[in-house]
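Order of the sequence lines sets the chain letters (A, B, ...), proteins ahead of strands, with each chain counted from 1.
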Amino acid sequence: MMNGQAFLQVENVSFGYGKQYVLKDVSLSMYSGEYTVLIGPNGSGKSTLIKLILGLLQQQDGQIQIQRSRVGYVAQQANRGLADFPATVREVVASGSYGQIGLLRWMGSKHWQGVERALDQVGLTEFASRKLSQLSGGQQQRVYIARALMSNPQLLILDEPTVGIDVQAKEQFYQLLKQLHQQGLSILLVSHDLDEVISDVDRVLCLNQSIYFYGSTQEFLREQKELLPNLFGVSTIRSIL
Amino acid sequence: MIFTFSFMQQAFIAGVIVGFLSPLVGLFLVVRRLSLIAEALSHVNLSGIAAGLLVQKNFPAFAFLQPLYFGMFFSLVGSLFVERIRRLYRTYQELAIPIMLSFGMAVGVIFISASGGFNADVAGYLFGNILNITVQEVKMISIVGLIVLLVIVLLYKELFALSFDEEYARLMGIRHHLINGIFILLVALVISISIRVVGSLLVSALMTIPVASSLQIAKSFRQALLYAIIFAELAVMIGLIGSYYLNWASGGTIVLVSVCIFFMTVAVRRWIFRG
């Protein structure tokens, strides 16, 4: 899976508020085509690490190397206050290309074709003209994946995207991520649903302020009996909440 | 026919322009939950107008400077302050609104009292008097309106992205501080040119009520824009004609029609859902 040079390199990154560290001395590398799941207890610094990678926060120590224009992002459903926003699915997905199009330019036919392609990839073509608020939570998260795909990303970062979504929609969502990974997209997924995704991912990253474990899925499965009780206080990945 | 009168023609032109632009910027304000910014800036605008009236009274040499220009200048400066104060707070950004609103009102009251208290001129700016609008004011409204329209057309996609999801817009590299700054200046300009039509106290009504009506039935953002503009134009036309024949205050009549349209859209929506 490690093809060529890493396109995401996090080196000795630390971040905190005052003297309280949220992240300490974190290093990791992601290579093209990798699917990594990031797990850790609540307050372990997962979302902070994601925000640092995305450039929404500035690290106090260390370095992060990434081409941010080639990163797509899907946030937690629960964090969005967009329930009543008067926009169609097509309008929301199209907005994912606005950064690339640039100031004082309009959407061309090439961009609109990209919108239809992204909708097709996430299986929402028939919902394109619906208002976003008319879709279920799981469907809305697929809309945000389609929006992220509009920037033609190398890496898709998802921060607990299935929180508040029903079990069936979760399964469909993770199936979609698996398909996108098989098409060559690199994925960094923050999730507690390790049981659902463990068979799909290449690497597991356990975080608890610093990196607790970072290795292949096979290595993780071999060491899980030692890792999980220390990290989550549980003995199986099915018990992680 | 009332439109054979030149004062009605001026009123009609000014009303159509304001009826187009107010909901256009109003929709972006409403979906970003910033509709009260219009209220704050209209109060700042009033303080500028009061300053203009004071200057006209005490310095006859500057009588050529319309109070509207003072109002516009005050709103533009006030809009920059609103944006600066908003950035001071991460989670309490709306605090900028009561601060600027109170400041505008306080300065306005001081200037009004210094220029001899309330009179017909002040009332005209407070409650609107579109039927007394001058040719010069219509020209100014047309030029400012054209500039606002052009900027919104050029920045439409950035404004949409920022309104929908500011964090994601930042991630995409959209220059949010610049666009937000330009947008708030546009709001200040639209408020300045709307003062003569509906008055300082009702200016935010034309920015928000047609949008509220449109949000009841719109199925997309473009539809929301279109319906909001149609409802605002209807309110302006019916309100103008109504105020002429009934001899009512034009600003109040326009806003009253706008509220009636809002209740009709609520009824239509309920009827559709029942159906």
Subject >> Contact class of Val30(B) relative to chain A, heavy atoms under 4.5 angstrom >> reply: neither

Subject >> Atom group of Leu155(B) that falls short of 4.5 Å from chain A, counting heavy atoms >> reply: side chain

**OP:** Provide the closest heavy-atom pair for Leu171(B) versus Leu54(A) in the form atom of the first, atom of the second, distance.
**Re:** CD2-O, 3.4 Å

Original post:
Ala224(B) versus chain A, heavy atoms under 4.5 Å apart: side chain, backbone, both or neither?
Top reply: side chain

Original post:
Is there a donor-acceptor contact under 3.5 Å linking the side chains of Tyr174(A) and Ser191(A)?
Top reply: yes

**OP:** Among the options Ser69(A), Ala94(A), Ser129(A), Gly102(A), pick out the one with the most heavy-atom pairs lying under 4.5 Å from chain B.
**Re:** Gly102(A)

Original post:
Does Arg147(A) count as lying over the ring of Tyr168(B), i.e. NZ or CZ under 6.0 Å from the six-ring centre, within 45 degrees of the axis?
Top reply: yes

**OP:** Give, for atom CE of Met172(B) and atom CD of Gln100(A), the distance between the pair rounded to the nearest 0.5 Å.
**Re:** 9.5 Å

**OP:** Can you tell which part of Ala148(A) gets under 4.5 Å to a heavy atom of chain B, answering side chain, backbone, both or neither?
**Re:** both

Original post:
Do Val93(A) and Leu119(A) come within less than 4.5 Å of each other through their side chains, counting heavy atoms only?
Top reply: yes

